[in-house]
Amino acid sequence: MKARDLVSVYRDLLAHYGPRHWWPADTPFEVMVGAVLTQNTSWTNVERALDRLRGVVVLEPRAIVALPVDVLADALRPAGYYNVKERRLRALCQWVVDRGGLETLHRMETRALRTALLGVHGVGPETADDIVLYAFGRPVFVIDAYTRRLFARLGFVRGQETYEGLRARFERALPRDAALYNEYHALIVEHAKTTCRTKPVCDACILRACCRAGSSFGRRGRKRVTVIAGE
DNA sequence: TACCAGGAGAAAA
DNA sequence: TTTTCTCATGGT
């Protein structure tokens with residue numbers, strides 16, 4: 001993956017959509033909650049769940065941990081997988097409490113913070129990186145389904161790359177800059193939501209090459225990617 | 001009606 | 001170690 005190609009895509013997206021001012025949350029802790037709830041789920045459903053959650057509890061780790069299981073699960077219902085996400089959100093909140101709160105976490109070195117997050121039940125690489133980047137402002141590039149899909153269509157991704165391998169490629173090709181990674185990922189999400197969403201060829205796509213490459217996906221959005229164009 | 005949507009953990013092979 | 005299955009609601 002060539003650095004100038006990645007920078008070029010970024011410039012095109014930024015010129016078209018403008019700064020996105022992400023992540024859509026008021027506090028770092030709200031970012032953490034949203035990162036769990038958005039797993040395999042659209043953001044509109046996450047917002048419904050967040051609204052319901054605010055209706056039963058203040059968004060603080062200790063308060064959420066204190067909620068009965070059925071109350072928390074019911075609040076998360078609109079985000080889907082509510083029983084799974086109840087356990088995952090509770091585990092994340094308990095971890096924050098056990099670590100001494102967000103202030104303590106803010107003092108951790110980036111790699112240590114990321115590793116610690118990956119040890120929390122329900123926090124995989126993408127969720128950890130969402131949190132590290134958007135809640136803690138650290139320079140890690142988030143590789144989500146939108147990112148894979150876009151760069152597969154552009155021919156930058158061959159498929160089968162591991163999450164860590166792909167993240168490393170992006171971080172090697174771009175300046176180590178949290179603000180840049182923040183904006184880039186936000187623009188990728190905006191692009192995915194507005195164009196190229198349901199069909200492999202999209203007339204409205206501003207990244208014309210993105211639609212020429214083509215791609216195929218397995219059922220339920222599994223990351224089985226076929227890339228026609230070369231790197 | 002069927003498929004898709006910003007994953008991750010557990011079980012099976 | 002890798003692959004498959006499961007979890008669930010809401011929109012198109």
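Letters A, B, ... mirror the listed sequences (proteins, then strands); counts begin at 1.
Looking only at side-chain heavy atoms (C-beta outward), Leu67(A) and Leu53(A) come within less than 4.5 Å of each other.
Among the heavy atoms of the strands lying under 4.0 Å from Arg88(A) is at least one base atom, whether or not backbone atoms are also near. Residue contacts shown for Val46(A) are absent, as no nucleic acid heavy atom lies under 4.0 Å away.
Regarding Glu86(A), its CD atom lies at a distance of 16 Å from the P atom of dG9(B), rounded to whole Å. One can place CZ of Arg149(A) at 11 Å from P of dC4(B), the figure rounded to the nearest angstrom. In this structure, the CG atom of Leu117(A) is 14 Å from the C1' atom of dA8(B), given to the nearest Å. Separating the CD1 atom of Ile143(A) from the C1' atom of dA8(B) is a distance of 17 Å, rounded to the nearest angstrom. Atom-to-atom, NZ of Lys85(A) to C1' of dT9(C) comes out at 9 Å; the value is rounded to the nearest Å. Whole-Å rounding puts the Glu126(A) CD to dG7(B) P distance at 5 Å. Rounded to an integer number of Å, the gap from Leu37(A) CG to dG7(B) P is 13 Å. A straight line from CG of Asn83(A) to C1' of dG9(B) spans 15 Å, rounded to a whole angstrom.
Arg87(A) has no side-chain polar atom (N or O) that falls below the 4.0 Å cut-off from OP1 or OP2 of dA8(B). Listed pair Ser42(A) / dT9(C) fails the phosphate criterion, with no side-chain N or O lying under 4.0 Å from OP1 or OP2.
With sequence neighbours excluded, no residue forms a salt bridge (Lys or Arg N to Asp or Glu O under 4.0 Å) with Glu60(A). In this structure Leu118(A) satisfies the side-chain contact (heavy atoms from CB on, under 4.5 Å) test together with Arg114(A), Pro125(A), Ala128(A), sequence neighbours excluded. The ring pair (Phe, Tyr, Trp, His ring centres under 6.0 Å) test applied to Trp43(A) returns Trp23(A), not counting sequence neighbours. For Tyr163(A), there are no ring pair (Phe, Tyr, Trp, His ring centres under 6.0 Å) partners at least two apart in sequence or on another chain. Looking at residues two or more places apart in sequence or on another chain, you find no salt bridge (Lys or Arg N to Asp or Glu O under 4.0 Å) involving Arg62(A).
Between the P atoms of dC3(B) and dC5(C), the separation comes to 15 Å (whole Å).
Looking at the side chain of Tyr82(A), the nearest of the listed nucleotides dT9(C), dC7(C), dA8(B) is dT9(C). Listed candidates were dA10(B), dG10(C), dC7(C). Nearest to the side chain of His121(A) is dA10(B). You'll find that the side chain of Arg48(A) is closest to dG10(C), out of dG10(C), dA8(B), dC7(C). Listed nucleotides dA8(B), dG10(C), dA5(B) differ in distance to Gln39(A); the shortest reach to its side chain belongs to dA8(B).
In terms of position along DNA chain B, the nucleotide closest to Asp130(A) lies nearer the 5' end than the nucleotide closest to the other residue of the pair Val123(A) and Asp130(A). Mapping Thr127(A) and Asn45(A) onto DNA chain B by nearest heavy atom places Asn45(A) at the nucleotide closer to the 5' end.
Ring planes of Phe170(A) and Phe151(A): perpendicular class, angle over 60° (limits at 30 and 60°).
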Identify the pairs formed between an N or O of the protein and an N or O of nucleotides 11-13 of chain B at a distance under 3.5 Å, and give each distance.
none

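Side chains of Lys85(A) and Thr41(A): a donor-acceptor N/O pair is present below 3.5 angstrom, by distance only.
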